[in-house]
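A quick write-up on the structure given underneath.
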Protein chains: 2
Amino acid sequence: MKPKILVVDDEPDALEVLGFKLREAGYTPVFAKDGTRALAAVRDERPALVVLDLMLPEVDGLEVCKILRRDPATASIPILMLTARAAEMDRIVGLELGADDYVTKPFSPRELVLRIKKLLARAQKADDPSAHLRIGPLDIDAARHVAQVKGVPLTLTATEFKLLDLLARRRGRVQTRDRLLQDVWGYENPIDTRTVDTHMRRLREKLGAAAHYLETVRGVGYRFSATP
Amino acid sequence: MKPKILVVDDEPDALEVLGFKLREAGYTPVFAKDGTRALAAVRDERPALVVLDLMLPEVDGLEVCKILRRDPATASIPILMLTARAAEMDRIVGLELGADDYVTKPFSPRELVLRIKKLLARAQKADDPSAHLRIGPLDIDAARHVAQVKGVPLTLTATEFKLLDLLARRRGRVQTRDRLLQDVWGYENPIDTRTVDTHMRRLREKLGAAAHYLETVRGVGYRFSATP
DNA sequence: GGCCCCGTTCACCTGATTGTAACATTATAT
DNA sequence: ATATAATGTTACAATCAGGTGAACGGGGCC
């Protein structure tokens, strides 16, 4: 399974070079030459990662970035920004919007592929049960059994931790109460109980500023927000 | 794994030609020459799709179609109708229940194989409940419990979401109110059938620009439009 | 044993959801 | 064209799902 990479740039030359290098590195490149097409391509192709030029016709890179982040279906796709000027990049990657990394033009393709590799590895790690999860101000270290909000450790009980960890790992996807009872509590035959609700309430209380990550999907279950 | 295709026609010549073309296209054809045998063959062979001539000895094509649709075990098998006259096909596909597509005789085998391919692809997608459905401007992600029109998330209640998801998964085929009550609401709920109508209305309202996908089939039920 | 922590259950409350009924409109049959 | 059946619309009250706070109870620890 070759990961699909969407490359968005308005210069055909850049697309060609990148396409070649990506194929060489074992990826399947897909292309778009403006912001509108980029958004369409993300929806159609569901790439594993997006390489995004900052300067684009139609809808510029920043805007594309924002739109992708706002939508739960695409919020977790890593974005690598390309730009000519390095100066303003800290702002872009850090706070304003959710780019995950950036490379300044002119760049060495080797460098770019390395960054892509790193981002993909990081994204994949979210599924690895032993990994250290970092979502916005939230830090979850399953190995050490420690959860933090903005660096401040939370005092969670074992069940609370397991619940939070599981929801965060499956972020974006709704978990029914039955599923949670099975996976967190280990109940074989899910019973009718409000236990899950009570635990969610305590979790929310302890999470404080980060409580909004725990979303209720009425009639279905709970979901850890997909957007950081 | 070659998909098995049941071809039902009373003319041996037609069977032979179709059989050859289907094998050529990578399918495994199975044959029946009348309605009774067709029903038996569906039961015994469990084909992935049925090509059904309208005019048949014993039990005619429409009747076979209806019988297959009534039984939950066979209801989801795609049916492609063959007929000599095009005029009455709208009625058959649209109203009388259940055929998924039709081709008028004489037909080009290439055309037929293309239609088969399309129907099989659609059926496969509908079978996987975790799959992300994308139909025109509509996006339905069951795992995340998110439905969007042109990227804008809809706020659907649990029942509304289930109803939309089910109709979209069975797009192109009419669902009777009873069937919807069974599959969306659950068997044991003996509720007024007008409940479905009310929910359809609410769905249409929320779908806005995409409301036209929900078609009313007077006297029968509702259908999610087959064409994107 | 007694105490404390933690998980579970209960009761109550609120707002959203939903089934139904009543009325309006449209399609079909006579 | 008119009658009739089917569906669209609207409104509303009952119900339900989930939030919240508190009580209960068991097991480990002293």
Side-chain angles (χ1 to χ4, degrees), chain A residues 145 147 154-167 174-208 211-225, chain B residues 88 90-91 94-97 145 147 153-167 174-208 211-225:
Chain A
H145 225 261
L154 306 173
T155 52
L156 301 180
T157 69
T159 316
E160 283 161 3
F161 185 87
K162 208 169 166 189
L163 179 60
L164 175 64
D165 185 56
L166 192 130
L167 285 167
V174 181
Q175 306 296 314
T176 63
R177 289 178 176 70
D178 284 354
R179 163 117 270 151
L180 292 172
L181 283 171
Q182 271 186 41
D183 296 350
V184 175
W185 278 262
Y187 288 172
E188 281 307 317
N189 295 333
I191 40 170
D192 179 40
T193 175
R194 301 293 309 279
T195 299
V196 178
D197 301 55
T198 303
H199 276 266
M200 289 300 295
R201 175 177 147 354
R202 296 214 182 105
L203 248 187
R204 282 174 169 155
E205 201 171 78
K206 292 189 180 178
L207 279 179
H212 66 275
Y213 282 113
L214 304 178
E215 302 172 333
T216 302
V217 183
R218 190 168 238 267
V220 186
Y222 293 98
R223 175 178 57 195
F224 195 103
S225 169
Chain B
E88 55 182 4
D90 282 346
R91 191 175 60 89
L95 310 183
E96 289 279 2
L97 300 180
H145 219 263
L154 306 173
T155 51
L156 301 181
T157 69
T159 319
E160 284 161 1
F161 187 90
K162 208 169 167 190
L163 180 60
L164 174 65
D165 185 59
L166 193 132
L167 284 167
V174 186
Q175 304 295 313
T176 63
R177 290 178 176 71
D178 285 347
R179 180 145 283 262
L180 290 173
L181 283 171
Q182 270 187 36
D183 295 350
V184 175
W185 277 261
Y187 295 93
E188 56 261 283
N189 264 348
I191 42 179
D192 188 330
T193 49
R194 293 305 306 280
T195 297
V196 177
D197 300 51
T198 303
H199 275 267
M200 288 301 295
R201 168 163 158 9
R202 290 186 187 134
L203 245 187
R204 282 173 170 154
E205 192 172 38
K206 292 189 180 178
L207 279 180
H212 65 274
Y213 282 112
L214 303 178
E215 302 171 335
T216 302
V217 183
R218 181 166 253 263
V220 186
Y222 294 96
R223 173 179 56 193
F224 194 103
S225 169

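So that the names make sense, note that chain A is the first sequence line, chain B the second, and so on, each numbered from 1. Keep in mind that the numbers below use all heavy atoms, side chains included, and drop hydrogens, waters and symmetry copies.
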Using whole Å, what does the distance between atom [atom2] of nucleotide [N] and atom [atom1] of [X] come to?
X        : N      : atom1 : atom2 : value
B:Glu160 : C:dA16 : CD    : C1'   : 11 Å
B:Arg202 : D:dG8  : CZ    : P     : 14 Å
A:Gln175 : D:dG18 : CD    : C1'   : 18 Å
B:Asp197 : D:dA11 : CG    : P     : 18 Å
A:Glu205 : D:dA22 : CD    : C1'   : 13 Å
A:Leu181 : C:dT8  : CG    : C1'   : 11 Å
A:Met200 : D:dA17 : CE    : C1'   : 15 Å
B:Leu203 : C:dT18 : CG    : C1'   : 13 Å

Does any donor-acceptor pair link the side chain of [X] with the base of [N] at a separation under 3.5 Å?
X        : N      : result
B:Thr195 : C:dT18 : no
B:Arg218 : D:dA6  : yes
B:Arg194 : D:dG8  : yes

Next item on the list: Could you pull out the closest heavy-atom pair between B:Phe161 and B:His145, with the gap in Å?
Entry: CD2-NE2, 3.4 Å

Check: What are the two closest non-hydrogen atoms of A:Lys162 and A:Val184, and how far apart are they?
Finding: NZ-O, 3.2 Å

If you compare every side-chain N and O of [X] against the phosphate oxygens of [N] (OP1, OP2), does one of them come in below 4.0 Å?
X        : N      : value
A:Thr198 : D:dT20 : no
B:Tyr222 : D:dG8  : yes
A:Arg201 : D:dG21 : yes
A:Trp185 : C:dT8  : yes
A:Thr216 : D:dG18 : no
A:Thr157 : C:dG7  : yes

Check: Nearest to the side chain of A:Arg177, which nucleotide is it out of D:dG19, C:dT18, D:dG18?
Finding: D:dG18

Next item on the list: Could you tell me whether the side chains of A:Tyr187 and A:Asp178 share a donor-acceptor contact shorter than 3.5 Å?
Entry: no

Notebook entry, point to check: With no hydrogens and no angle check, do the side chains of B:Arg204 and B:Thr216 hold a donor and an acceptor under 3.5 Å apart?
Noted result: yes

Margin query: Assess whether a salt bridge exists between B:Glu160 and B:Arg202, defined as any Lys/Arg side-chain N lying under 4.0 Å from an Asp/Glu carboxylate O.
Written below: no

Next item on the list: Would you kindly compare B:Lys206 and B:Val196 by the position of their nearest DNA chain C nucleotide and give the one closer to the 5′ end?
Entry: B:Lys206

Note to self: For a quick check of understanding: with a heavy-atom distance under 4.0 Å over all strands, which category does B:Arg204 fall into, base, sugar-phosphate or nothing?
What the structure shows: sugar-phosphate

